[in-house]
Amino acid sequence: MIDTHELTRRAGFQREVTFTAAAPVDLGIDVIGVPEGDPIQFDLRLESVVEGVLVTGTASGRLVGECARCLVDIEDEFLADVQELYVYPESDAEPDEASRMEGDLIDLEPVLRDQVVLALPFQPLCTDDCPGLCPECGVRLADEPGHTHQERTDPRWAALDGLLRQDDQKTR
């Protein structure tokens, strides 16, 4: 929550704030997100406008997750743009048009959640060309680039393989 009491309700007043806050619970998706309690750095400008307070700036922090192909732990950084109009409690604005202030307080969590979650990769990768895991044994192919298995016959074709061997024995 940000206190806007220092801004008067007259358009044109502004102030810049920089602060660090702990990340809320579940800020992310199943495979990548911001760990709960991790510091998030905010650099914001609060600007008093006729309808309320316009908040613009950035939020940055650390992302932790898992590669969608090889399941190795990954760590990255995010930088989310924040721009939201918070209207005064007595405003006639519809709830879906703008966020509403609670007295002189602004709650940044919903806006932060929207910006960070929408910016996350749907399938995060440790590298752009991650080869993933071997489908037969699960070894990480980036660690063993020459990894192969002996060619096995599909069990659905085993009967035909037996006929092929019989045919080879007859021709010898």
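If you're wondering where the values come from, they're calculated on a predicted model, not measured in any experiment.
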Run the salt bridge (Lys or Arg N to Asp or Glu O under 4.0 Å) test against Asp143 and tell me which residues pass, sequence neighbours left out.
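Counting only residues at least two positions away or on another chain, Asp143 forms a salt bridge (Lys or Arg N to Asp or Glu O under 4.0 Å) with Arg140.
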[X] [atom1] to [Y] [atom2] distance, which is reported to the nearest 0.5 Å:
X      : Y      : atom1 : atom2 : value
Glu75  : Leu63  : CD    : CG    : 9.0 Å
Leu27  : Gln115 : CG    : CD    : 11.5 Å
Leu71  : Glu66  : CG    : CD    : 5.0 Å
Cys137 : His149 : SG    : NE2   : 3.5 Å

Student check: side-chain heavy atoms of [X] and [Y] closer than 4.5 Å:
X     : Y     : value
Gln83 : Asp81 : no
Val49 : Phe13 : no
Leu44 : Thr56 : no

Should Val117 and Val111 be counted in the same cluster of Ile, Leu, Val, Met, Phe, Trp and Tyr side chains packed under 4.5 Å apart?
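Val117 clusters together with Val111.
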When you group the ILVMFWY residues by side-chain heavy-atom contacts below 4.5 Å and let the links chain together, are Leu125 and Val72 in the same group?
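Looking at the clustering, Leu125 is in a separate group from Val72.
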Residues which pass side chain to side chain donor-acceptor pair (under 3.5 Å) with [X], listed by chain and number, not counting sequence neighbours:
X      : result
Asp128 : none
Thr127 : Asp129
Asp38  : Arg62
Glu109 : Arg113

Could you tell me which residues satisfy side chain to side chain contact (heavy atoms under 4.5 Å, CB included) with [X], sequence neighbours excluded, listed by chain and number?
X      : answer
Glu144 : Val139, His147
Asp43  : Thr18, Gln41, Thr58
Pro39  : Thr20

What is the minimum heavy-atom distance between [X] and [Y], and which atoms define it?
X      : Y      : value
Leu120 : Gly28  : CD1-CA, 3.6 Å
Cys67  : Cys126 : SG-N, 3.4 Å
Ile29  : Pro121 : CD1-O, 3.6 Å
Leu133 : Gly138 : CD2-O, 3.6 Å
Cys134 : Leu141 : N-CG, 3.8 Å
Ala68  : Gln123 : CB-CB, 3.8 Å

Could you note down all residue pairs passing ring-ring contact (aromatic ring centres under 6.0 Å, His included) where [range] supplies at least one of them, sequence neighbours left out?
range            : value
residues 43-82   : none
residues 35-70   : Phe19-Phe42
residues 106-134 : none

Other cluster members, Val64 - Ile/Leu/Val/Met/Phe/Trp/Tyr, side-chain contacts below 4.5 Å
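None, because no other hydrophobic side chain comes under 4.5 Å of this residue.
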Under the side chain to side chain contact (heavy atoms under 4.5 Å, CB included) criterion, do Leu79 and Glu77 qualify, and how do the steps go?
CA-CA 7 Å; Leu79 178 65; Glu77 300 287 321; over 6 Å; no
